Amino acid sequence: MNQLSLEFIQGLKNIFPEGGLSLKPEEFPAFWLDRSTLKPQAPLAIAWAERAGQVAALLKLCNEARVPVTARGAGTSLEGNSIPSEGGIVLSLERMNQVLEIMPQDFEVRLQPGVVYDELNRQLAPHRLFFAPGPSSGDTATVGGMIGNNAGGLNALRYGVTRNHVIRLQVALADGSLLWYGTQALKTSAGFDLVQLMVGSEGMLGIVTEIVLRLQALPQRRTALAQFKTVEAAAQAVFEIMSTGIVPGALELIDASCIHYVNIYKGWEWEETPTLLMEFHGAPAGTDSEVSTARRACESLGATKFLLAENEAMAEQLWAGRKEITNAEKALYPNHAILNGDIAVPLSKYAATIHFAKEAGEAKGMPMTLFGHAGDGNIHCHVLVPPNVPGAQAKGEEVYSQIIRYALAAGGTVSAEHGIGLAKKEFLVEEHGEAVEVMRKIKRALDPNNILNPDKMFH
Ligand SMILES: Cc1cc2nc3c(=O)[nH]c(=O)nc-3n(C[C@H](O)[C@H](O)[C@H](O)COP(=O)(O)OP(=O)(O)OC[C@H]3O[C@@H](n4cnc5c(N)ncnc54)[C@H](O)[C@@H]3O)c2cc1C
């Protein structure tokens with residue numbers, strides 16, 4: 001379908017008042033894409049919900065007319081997850097952006113799905129609480145979108161990814177019913193876990209209209225940097241630190257090539273060797289002792305440098321190196337397509353996987369960046385494909401696929417935190433085999449007319 005019927009348009013107008021609906025999507029090109037470099041897709045209409053009842057009514061309308069709906073938070077996905085489905089409409093949740101109830105005594109918060117991650121934490125800070133995962137896109141990404149993708153981030157090592165914090169959800173189902181899943185108790189064994197089924201479902205099983213999250217007490221933080229001669233030594237240090245019993249707030253590995261790009265981009269002079277960035281969370285006496293233990297672990301593996309940030313400003317400067325990687329690659333390789341690797345492997349395979357990825361890129365002469373949440377075995381591996389160079393796309397895809405298949409053979413996953421979207425469908429099957437059919441059955445049971453983001457995840 002490439003046109004909406006007059007009856008359907010009238011139905012949309014009945015649900016969404018003036019200003020809440022656009023039938024001229026050409027005026028909103030940002031809604032045609034996400035932050036991947038995949039092909040944009042124009043929707044037939046865009047609706048902005050302000051209430052759960054509108055979401056439910058829209059799904060009922062779309063279900064009856066068999067019109068696809070793609071839920072959208074901030075559209076910062078990296079795999080095409082929030083690119084509109086062909087012949088469908090976009091439902092934006094960005095106006096459902098209220099923090100409804102902070103419950104400090106319960107370490108919980110109730111909120112709407114369009115609340116931006118950093119804004120939530122700004123509102124929680126006076127209560128000495130925070131929502132922990134820490135995606136690097138936290139200044140833009142919405143909590144609804146984090147649930148859609150089961151987002152992770154810098155602090156997931158210590159506190160878990162999004163799914164470890166979501167305890168209750170209000171969900172609009174494909175048929176237009178509006179239900180609550182889960183409980184506000186911190187543990188439950190009552191029935192199938194429908195909340196967890198929703199997390200990471202990429203808007204394909206229902207649309208989240210209200211959320212209850214569990215929270216953590218805001219810790220004090222210490223930041224340190226360690227540098228090594230080889231990536232193997234850096235990866236071994238990750239293992240040594242974790243085996244002392246410390247669970248760092250963050251433990252990131254940055255490959256020498258990333259530091260090289262950031263040095264050029266920012267005019268810095270960081271030593272271009274494999275680097276670990278760490279954060280230790282807790283009360284000061286505890287973090288002092290953790291820093292000393294981590295320092296000893298790094299030095300025992302021949303660290304060439306161990307630097308402890310003396311204050312907040314210095315900590316921010318150290319983290320800036322990590323945060324500038326994607327800006328640097330975009331500035332140095334303008335107009336390049338980015339093939340976004342987001343693998344995770346068991347910790348014992350981390351060093352070998354990084355080594356393999358580097359060699360695979362070098363063998364094909366493809367520029368690449370490698371960095372990641374080393375503490376939980378996650379490697380972001382960006383293969384940069386030049387525009388208009390014959391054969392470059394095929395070469396890039398070969399490198400990208402080789403790295404993913406290496407990770408799968410090592411017992412890992414194709415996506416640690418970005419989801420499958422449009423870009424990684426074939427690897428979902430390689431990872432899960434026949435279990436993908438169980439996923440399809442769940443999809444069919446909850447969305448028999450296949451209207452919810454229907455072109456994602458499965459071929
Ligand atoms: C610079 C940059 C850094 C990033 N860093 C990280 C990182 O550190 N960790 C990480 O995990 N990801 C990261 N990402 C990826 C992305 O930001 C996250 O996946 C984020 O959680 C997406 O949020 P969003 O609001 O943009 O969601 P969107 O892209 O709008 O949507 C994500 C998915 O959820 C669905 N969805 C949206 N809202 C709802 C809802 N209310 N109910 C049901 N489904 C819904 C959508 O249909 C889509 O499938 C990064 C992206 C960028 C551009």
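Indexing begins at 1, ligand by ligand and atom by atom, following the structure's order. Predicted, not measured: the structure shown is a model, and the values here were computed from it.
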One pair to check against ring pair (Phe, Tyr, Trp, His ring centres under 6.0 Å): Phe130 and Tyr159. What are the steps and the verdict? CA-CA 11 Å; Phe130 82 127; Tyr159 304 98; 5.4 Å; yes

Report the C-alpha separation of Asn263 and Glu272 in whole Å, then their side-chain angles, then the decisive distance to 0.1 Å, and conclude whether the side-chain hydrogen bond (donor to acceptor under 3.5 Å, both in side chains) test is met. CA-CA 8 Å; Asn263 275 347; Glu272 294 176 5; 3.0 Å; yes

Lys441 and Glu437: salt bridge (charged side-chain N to carboxylate O under 4.0 Å, His left out), yes or no, with the steps? CA-CA 6 Å; Lys441 282 184 183 156; Glu437 191 46 41; 5.3 Å; no

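The CZ atom of Arg72 sits 11.0 Å away from the CG atom of Asn453 when rounded to the nearest 0.5 Å. We find the CD-CD1 distance between Glu324 and Ile254 to be 11.5 Å, quoted to the nearest 0.5 Å.
There is a protein heavy atom closer than 4.0 angstrom to atom 20 (C) of ligand 1.
With a 4.0 Å heavy-atom cut-off, ligand 1 is reached by the backbone of Ser136 and by its side chain too. Both the backbone and the side chain of Met146 come within 4.0 Å of ligand 1, judged by heavy-atom distances. Of all the heavy atoms of Asn81, the ones lying under 4.0 Å from any atom of ligand 1 are found in both the backbone and the side chain. Residue Thr76 touches ligand 1 through backbone and side chain together, judged by heavy-atom distances below 4.0 Å. In His418, the part holding a heavy atom less than 4.0 Å from any atom of ligand 1 is the side chain. Under 4.0 angstrom from ligand 1, there are no non-hydrogen atoms of Val161.
The main-chain N or O of Phe131 is found under 3.5 Å from a side-chain atom of Tyr117 such that the two form a donor-acceptor pair. Asn81 places a side-chain N or O within donor-acceptor distance of the main-chain N or O of His418, the cut-off being under 3.5 Å.
Near Asn149, meaning under 4.0 Å from any of its heavy atoms, are these atoms of ligand 1: 19 (O), 22 (C), 32 (C), 33 (C). The ligand atoms of ligand 1 that sit less than 4.0 angstrom from a heavy atom of Ile207 are 42 (N), 43 (C). Atoms of ligand 1 lying under 4.0 Å from at least one heavy atom of Gly206, given by number and element, are 43 (C). Residue Ser77 has at least one heavy-atom neighbour below 4.0 Å for each of these atoms of ligand 1: 28 (P), 29 (O), 31 (O), 32 (C). Under a 4.0 Å criterion applied to the non-hydrogen atoms of Arg72, ligand 1 contributes the atoms 30 (O). The ligand atoms of ligand 1 that sit less than 4.0 angstrom from a heavy atom of Arg35 are 53 (C).
Taking only non-hydrogen atoms, the option from Gly148, Pro84, Gly153 nearest to atom 34 (O) of ligand 1 is Gly148. Scanning Ala74, Gly138, Gly152 for the heavy atom closest to atom 10 (C) of ligand 1 points to Gly152.
The shortest separation from a heavy atom of Asp34 to ligand 1 is not under 4.0 Å, leaving the residue out of contact. At a 4.0 Å cut-off, at least one heavy atom of Leu93 sits close enough to ligand 1 to count as contact.
Here's the thing with Gly75: one of its N/O atoms is less than 3.5 angstrom from an N/O atom of ligand 1. On a distance-only criterion, Thr326 and ligand 1 share no N/O pair closer than 3.5 Å.
Of the charged side-chain nitrogens involved, none lies within less than 4.0 Å of a carboxylate oxygen, so that Glu202 and Lys456 do not count as a salt-bridged pair. Under 4.0 Å is where a charged nitrogen must lie from a carboxylate oxygen, and between Arg405 and Glu426 at least one such pair does.
Annotation: atom 44 (N) of ligand 1 to nearest protein heavy atom, Gly203 CA, 3.4 Å.
No more than 12 heavy-atom neighbours from other residues, nucleotides or ligands sit within 6.0 angstrom of CZ on Phe239.
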